[in-house]
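One structure is given here, and the rest of the page talks about it.
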Amino acid sequence: MKDDTKLIAAGRPHRRPQHPVNHPVERASTILFPTYDDFLEGAKTIAYGRLGTTTHRALEQAVTALEGGYETRLAPSGLQACTTAILAFVESGDHVLMTDAAYDPTRKFCDKFLKRFGVETTFYDPMINEEIEALIRPNTKVIFAETPGSLTFEVQNLRALADAAHKAGAKLVVDNTWAAGYYLKPIEHGADVSIQAGTKYLAGHADCLIGTLTSADESTANLIFHALLQLGSNVSADDAYLTLRGMRTLSTRLARHQETALKLAKWLAKRPEIERVLHPALKGCPGHATWKQDFSGASGLFGAVLKPTALPALKSFFNAFKLFTMGFSWGGFESLCIHVHPEKYRTATSWEEEGPVIRIHAGLEDPEDLIADFDRALSYLQVTKA
Ligand SMILES: Cc1ncc(COP(=O)(O)O)c(C=O)c1O
């Protein structure tokens, strides 16, 4: 089956007379077993609400169908998917290699939380290839990648990272949120775990938080499952339902996000107020050649470096938008544009651009209206340095 069919067919109720199209929301803490044999059998599948109900299993099946791999488990947020995918594989005295372009809270989890438990982190240049081997230590257990980086959009060489990780007996974990499991299949490129903040494109409507962890094989899946279990993770059945509902239209939405983001990016690249556009599908983006090789498309999130400009002009620019709004997160139907600060979150590399960086999420509005909105906002930017 092709992905577009899987997105419709996976995780649907079994055919029986008068069944609904969608799995119902099955909310539960206690699950009941009428007989002793049911009780024994149930413990292996659906035993207690925290371990999920049929609603959760349906979403997990759909995500596995999309990502490939052995099994998917859910987390209550994308961030917890990231943190659990590290915790599952480390113990005190271990070492983690983390991309320098990681989503900041993932970074902070390493710097602050893991450190307290004696797990050390080395940040690496997201553009690294085989040279990652020189950073691997005997106690390295996880290489974590985020491709493209969600602030600066470097596309990573997953095959080089996977080979190095596996040679050292470590796991490669990939934050695959940008490609939504649709435009990139990290497990095909050697990842042991592909995670997503399903909060973004899977759910797709800016109204629910959820994380997904898809493991490549059974032993990896067991470690992930037990980490979630021991941490007491729980995902509401309503959120699992909303996410699965969102996935039914994922490919249609992504096609539109892609088209509009590319239109906007190309239009911005020609504007005098813009220094550089950061879009994996455009030539100037670091890792563009890898994007061409490994990805089958691009989602709606990209960045741009503005020419240096004074703060009052920047404020007027943001305040002038009528369609784009400011808000964290992305992947919903609405367009967003925020000021981001990659220079604050780098240690292995440095961010040298002088001008402010903006991050844009191209929503599902009419692209011409979005361009007109940007045009109006840009007119408020007085370029102080050409
Ligand atoms: C790349 C990436 N990973 C993970 C997350 C965390 O997801 P959540 O907000 O669901 O915790 C985000 C959120 O912005 C993100 O951009």
Side-chain angles (χ1 to χ4, degrees), residues 59 63 67 72-87 98-110 113 123 126 142 144-156 158 173-184 186 191 193-214 228 231 233-236 238-240 242-243 246-247 254 257 261 278-280 287 291 295 298-303 325-332 334-342 344-345 357-363:
L59 171 60
V63 177
E67 290 264 8
T72 299
R73 292 282 171 180
L74 307 176
S77 69
L79 180 57
Q80 200 180 319
C82 297
T83 58
T84 307
I86 301 173
L87 279 177
M98 171 62 64
T99 168
D100 210 25
Y103 173 60
D104 179 50
T106 308
R107 221 191 139 90
K108 284 216 175 74
F109 172 75
C110 296
F113 191 95
F123 292 92
V142 174
F144 194 106
E146 180 182 308
T147 184
S150 56
L151 281 194
T152 42
F153 300 94
E154 298 90 339
V155 182
Q156 296 200 245
L158 293 188
V173 175
V174 178
D175 185 333
N176 192 26
T177 305
W178 185 84
Y182 187 81
Y183 290 135
L184 176 72
V193 187
S194 176
I195 61 175
Q196 283 191 59
T199 310
K200 318 296 179 202
Y201 286 117
L202 298 187
H205 294 72
D207 55 2
C208 120
L209 286 137
I210 201 161
T212 67
L213 302 100
T214 306
L228 287 164
L231 287 167
S233 263
N234 173 53
V235 173
S236 108
D238 299 270
D239 289 343
L242 279 179
T243 306
M247 282 183 74
L254 280 175
H257 286 298
L278 307 165
H279 189 303
W291 175 81
F295 289 65
S299 66
L301 191 77
F302 68 101
T325 42
M326 281 174 276
F328 297 105
S329 204
W330 42 280
E334 78 291 7
S335 287
L336 300 164
C337 180
I338 57 170
H339 186 188
V340 295
H341 299 275
K344 284 191 190 166
Y345 307 119
V357 183
I358 58 173
R359 190 179 73 178
I360 298 150
H361 181 249

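Whatever order the structure lists ligands and atoms in, that order sets their numbers, starting from 1.
- Close contacts between ligand 1 and Ser150 involve ligand atoms 1 (C), 16 (O) [criterion: under 4.0 Å to a heavy atom].
- The distance criterion of under 3.5 Å between nitrogen or oxygen atoms is met by Trp330 with respect to ligand 1.
- The nearest heavy-atom contact from the protein to atom 5 (C) of ligand 1 is Tyr103 CE2, 3.4 Å.
- For the pair Arg107 and Tyr345, the cation-pi criterion (under 6.0 Å, within 45° of the ring axis) is not fulfilled.
- In terms of polar-atom proximity, defined here as any N/O pair under 3.5 Å, Leu79 does make such a contact with ligand 1.
- Ring geometry, Phe109 versus Phe113: the interplanar angle falls under 30°, so the pair is classed parallel (tilted spans 30 to 60°).
- If you look at Gln80 next to ligand 1, there are no close heavy atoms at all, none under 4.0 Å.
- A salt bridge does not link Lys344 to Asp104: none of the charged nitrogens lies less than 4.0 Å from a carboxylate oxygen.
- Taking a cut-off of under 4.0 Å to the non-hydrogen atoms of Thr199, the atoms of ligand 1 that pass are 8 (P), 10 (O).
- No side-chain donor from either of Thr72 and Glu67 sits under 3.5 Å from a side-chain acceptor of the other.
- The closest protein non-hydrogen atom to atom 7 (O) of ligand 1 is Ala197 CB, 3.2 Å.
- Remark: aromatic rings of Phe302 and His361 are distant, center separation not under 6.0 Å.
- Against a heavy-atom cut-off of under 4.0 Å, Gly78 is close to the following atoms of ligand 1: 6 (C), 7 (O), 8 (P), 10 (O), 11 (O).
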Run the ring-ring contact (aromatic ring centres under 6.0 Å, His included) test on Tyr201 and Trp330 for me, step by step, so that the C-alpha distance in whole Å, both residues' side-chain angles and the decisive distance to 0.1 Å come before the verdict.
CA-CA 8 Å; Tyr201 286 117; Trp330 42 280; 5.7 Å; yes
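- Backbone and side-chain nitrogen or oxygen atoms of Lys200 are examined, and one is located within less than 3.5 angstrom of a nitrogen or oxygen of ligand 1.
- Remark: ligand 1 and Asp175 share an N or O pair separated by less than 3.5 Å (distance only, no angle test).
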Could you walk me through whether Glu334 and Thr325 pass the side-chain hydrogen bond (donor to acceptor under 3.5 Å, both in side chains) test, one step at a time?
CA-CA 8 Å; Glu334 78 291 7; Thr325 42; over 6 Å; no
